[in-house]
Amino acid sequence: MNRNHALLSNKTLTAQACATKLRTEKVNLYYGSFQALRNITLDIHACAITAIIGPSGCGKSSLLRLFNRMNDLIPGARVEGNVELDGILIYSPGIDVVELRKKVGMVFQKPNPFPMSVFENVAFGPRRHGMSNRAELEEIVEKSLRHAALWDEVKDKLEQSGLALSGGQQQRLCIARVLAVEPEVILMDEPCSALDPLATLKIEDLMRNLAQEYTIIIVTHNMQQAARVSEMAAFMMMEEDRAGVLVEYGPTSELFTNPKDKRTEDYITGRFG
Amino acid sequence: MVDRWLIAFYIYVVVNIAVIVLAVIKAKMTRKISERTAFVFLGLATALAVLPVLFIIVYTIINGAGAISWSFLTQAPSQAGKAGGILPVIIGTFYLMLGTLVFALPIGVMAGIYLTEYARDNWLTRLINMAIMNLAGVPSIVFGLFGLSVFVLAFHFGLSLLAASLTLASQALAMVITTSREAILAVPREYREGSLAIGVTKWQTVRHIVLPQALPGIITGVVLAISRAAGETAPILVTGAAFLVPRLPGSPLDQFMALPYHLYTVSSNVPGMSKTTMWGVALVLLVVVLSFDVLAAVIRFRSRQRI
Ligand SMILES: Nc1ncnc2c1ncn2[C@@H]1O[C@H](COP(=O)(O)OP(=O)(O)O)[C@@H](O)[C@H]1O
Ligand SMILES: [Mg+2]
């Protein structure tokens, strides 16, 4: 019985691996007159961890923020082309951005827990989305914290301020906060760049676990990290004063061992070896 | 008497600070000043700024304490304020502060939220922000005339508590909006983003993240604005303050007595007024205003500790 069940979920896993969760087609992004993304076309696989790598300022965050429309918050930002979530155009006029962001959660570079208790940090999303029953909230908080591999460390201090946790714990708290609203996609913008190596490893382990259930896209400038955690990788660059060029996109192992583009190879060997 | 002392000290302070600043600048230019000399000069300037305030407080207490008694605080005035107490005067000022709070707080905070969170950053918004900041510098008698023509006459509120409260609130608005804006802008962008990124609406984010964080700053601004309103004479002079009202205001449309106006009349228009009583009124006004300022300071201090 158990074995059957395991087999079944394995099968669905492989089926999902083929599915496309997010897709961009000929996307240009402008901040006012500055073009930050150029003609980006790529498919994000549902069951993979996708890494976006490239030098600073090349447009990695801009690409990531395309998927939950966080770029909308920047005055003067403008998107051309198609971005799809499960085949639905998320920049079409009828789209409810709030609903989109429930499905596509985001973890930021600098851990940004709210200035409230650990419990309230995690319960914040569910509460705002209408959950008020204390027992239900407790359940989802515990579940999310367990999921984020933080429960054992904070179960005795749920009423303490989230700001009192260590950097790595804060970042996992932010992940738990996203998990609590039960998203389908999790966007991570350099989630480890403010953390020490040990905390970084913890987050990477966590990502590997979460990848079974969620589509994960991670921006990182750490090539080893991309190699360790991701199945797919996108390499972006800026050329002279032109930012936002997608140079190469494919399975991480191929990108690192057998890059098709000379620029990818230069970047990888320059940084890697 | 009070006014003369205040003006004398104000001029004294300004002149001294100007002299010191000039001395410092000159010394800086000749590059002969040492760190220590600058420190001494600046410390001196601070002392000069603080001393007159201390002097006023001490002088008022010395002269007015003799008038303070239970009956002074709990009885109505008689003989044009020469005898009896000042209860209706205190109550009138209390009502005015309450009225100012009721009108200025919600409108001011909502305008602050709108200007920071919702209004686009364009020339119109910038113009409005600048206008609001300049509003704080408009002489209070101008607000009084505004209140007279709009609230007293055009709205037919007559000379009343309501008209005076609205007038004071109009003046307090500038400060409430400005401090609300500053407090809201000081809330880190990361909090807003973290909230919006999990599908929480803009308004929910403002309501549950931004406002709680900005609240101490907003309250500080409101309390200071109210304490300033409590001390204003000119705006209420023409919108409803009366020298003698036989009873406490029973409705918002009644005229009222208030501390600053009472002080003004007893110290200038009542012959044979005892000095002690005058200073007693001044002391009560000072205590009301200063206690609100202290309250604002306490709120600010505690919110800083919390972070
Ligand atoms: N709000 C903005 N307004 C204007 N230009 C921006 C803004 N944010 C980012 N950019 C520019 O867009 C380019 C890409 O930025 P970003 O996506 O943050 O790069 P990365 O995450 O790869 O470092 C950079 O050159 C940056 O200067
Ligand atoms: Mg970035």
Side-chain angles (χ1 to χ4, degrees), chain A residues 61 64-65 67-76 96-116 120-130 144 161-164 170-171 173-189 194, chain B residues 109 112-130 180-220 299-307:
Chain A
S61 299
L64 195 70
R65 293 161 67 99
F67 296 121
N68 62 347
R69 293 188 58 170
M70 282 304 267
N71 288 326
D72 290 15
L73 302 181
I74 297 166
D96 181 349
V97 181
V98 169
E99 285 301 317
L100 171 72
R101 291 185 188 144
K102 280 188 207 170
K103 286 190 191 154
V104 186
M106 185 163 201
V107 177
F108 298 83
Q109 183 165 357
K110 195 171 143 240
N112 61 345
F114 301 134
M116 43 180 92
E120 287 306 324
N121 259 283
V122 184
F124 187 79
R127 267 195 208 280
R128 302 288 85 79
H129 301 147
S144 309
S161 167
L163 299 174
Q170 287 190 12
Q171 196 59 301
L173 180 62
C174 293
I175 294 175
R177 184 173 77 191
V178 169
L179 296 178
V181 302
E182 298 174 342
E184 296 166 16
V185 181
I186 303 175
L187 309 174
M188 299 187 170
D189 194 348
Chain B
V109 173
I113 293 172
Y114 177 78
L115 287 170
T116 45
E117 298 287 328
Y118 291 94
R120 281 158 186 264
D121 183 24
N122 55 23
W123 65 269
L124 183 63
T125 310
R126 262 172 267 152
L127 189 75
I128 291 173
N129 282 334
M130 212 167 72
S180 299
R181 272 190 65 225
E182 277 163 12
I184 290 169
L185 285 174
V187 177
R189 199 186 33 137
E190 286 82 10
Y191 293 159
R192 287 168 233 251
E193 287 189 336
S195 172
L196 294 170
I198 51 175
V200 173
T201 63
K202 178 84 181 247
W203 168 244
Q204 287 176 322
T205 301
V206 169
R207 163 78 184 72
H208 295 280
I209 299 281
V210 177
L211 279 186
Q213 280 300 107
L215 206 59
I218 293 175
I219 292 176
T220 309
I299 294 168
R300 194 169 280 247
F301 178 72
R302 291 186 62 174
S303 73
R304 246 190 232 147
Q305 270 193 329
R306 210 187 47 181
I307 297 165

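Each chain gets a letter, A, B and so on, in the order its sequence line appears, and its residues count up from 1.
For a residue to count as touching a neighbouring chain, one of its non-hydrogen atoms must lie under 4.5 Å from one of that chain's; by this rule A:Val97 does not touch chain B. Looking at A:Met70, the atoms closer than 4.5 Å to chain B (heavy atoms on both sides) all sit in the side chain, from C-beta outward. For A:Leu163, the part lying under 4.5 angstrom from a heavy atom of chain B is the side chain only. Contacts of A:Leu73 with chain B are made by side-chain atoms alone, with heavy-atom separations under 4.5 Å and no backbone atom involved. Contacts of A:Arg177 with chain B are made by both backbone and side-chain atoms, with heavy-atom separations under 4.5 Å. Proximity to chain B (any heavy atom under 4.5 Å) is restricted, for A:Pro113, to the backbone atoms N, CA, C and O. Looking at A:Val181, the atoms closer than 4.5 Å to chain B (heavy atoms on both sides) all sit in the side chain, from C-beta outward.
With values rounded to the nearest 0.5 angstrom, A:Arg128 atom CZ is found 7.5 Å from B:Arg207 atom CZ. Distance check: A:Met116 CE to B:His208 NE2 gives 9.0 Å after rounding to the nearest 0.5 Å. The distance from atom NZ of A:Lys102 to atom CD1 of B:Ile198, rounded to the nearest 0.5 Å, is 10.5 Å. From A:Arg101, atom CZ reaches atom OG1 of B:Thr201 across 10.5 Å, with rounding to the nearest 0.5 Å.
For a heavy-atom cut-off of 4.5 Å, chain A lies close to B:Glu190, B:Tyr191 in residues 182-191 of chain B.
Minimum interatomic distance between A:Asn68 and B:Ala197 (heavy atoms only, all atoms of both residues): ND2-CB, 4.5 Å.
Chain B forms the most heavy-atom pairs under 4.5 Å with one residue out of A:Gly105, A:Pro115, A:Gly125, and that residue is A:Pro115.
Listed by chain and number, the residues in a side-chain contact (heavy atoms from CB on, under 4.5 Å) with B:Ser195 are A:Phe114, A:Phe124, B:Val200, B:Thr205, B:Ile209 (sequence neighbours excluded).
Residue A:Lys103 places its NZ atom among 12 or fewer non-hydrogen atoms of other residues, nucleotides or ligands, all under 6.0 Å distant.
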